Amino acid sequence: MELNKIEQENLKAFLVSVYGNQARSWEMNDAVFNQTIYMLQESNKCTDLMDFVPRPMPLGANPISYIKKLHAIFYYESLRTAKINIRYVYQPQRPNLSRS
């Protein structure tokens, strides 16, 4: 796939915003485009993992309560953004208390 002039300009504008003025001298071609896509995909993986790094605990906070709260927030956020693929939801069975 050959990049047209508009795509080359858009790619150059993006790379200049990331790498600064040095990217203005780069030739915009398919290889640069593919490398940029790869860079963005790898960056998303890192961002997804960093979502699970605990934030600093405030002074005076109960450590156990804070960890529970963080875990709940991480779990909720991962569900909300569809980062976790739920294949099975456990539903406990109620015990049969009737006497036969």
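Here the structure is a predicted model, which means the values were calculated and not measured.
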All side-chain contact (heavy atoms from CB on, under 4.5 Å) counterparts of [X], not counting sequence neighbours:
X: A13; answer: none
X: Q8; answer: L3, K5, M28
X: P58; answer: A61, Y66
X: L59; answer: none

Shortest non-hydrogen contact between E7 and E2, atoms and distance: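 Distance-wise, the nearest heavy atoms are OE1-O, 4.1 Å.
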Under a 4.5 Å side-chain heavy-atom rule over Ile, Leu, Val, Met, Phe, Trp and Tyr, are L11 and I6 clustered together?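 No, L11 does not connect to I6 through the hydrophobic network.
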Distance, nearest 0.5 Å, that separates [atom1] of [X] from [atom2] of [Y]:
X: K69; Y: I64; atom1: NZ; atom2: CD1; value: 15.0 Å
X: I67; Y: M57; atom1: CD1; atom2: CE; value: 8.0 Å
X: K12; Y: S25; atom1: NZ; atom2: OG; value: 7.5 Å

Please table the atom pairs, donor to acceptor, closer than 3.5 Å between any side-chain atom in residues 33-40 and protein atoms at least two apart or in another chain.
| unit_1 | atom_1 | unit_2 | atom_2 | d |
| --- | --- | --- | --- | --- |
| N34 | ND2 | D30 | O | 3.3 |
| T36 | OG1 | V32 | O | 2.8 |

With sequence neighbours left out, write down each residue that passes side chain to side chain donor-acceptor pair (under 3.5 Å) with N21, or none if nothing qualifies.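 Applying side chain to side chain donor-acceptor pair (under 3.5 Å) to N21 gives R24.
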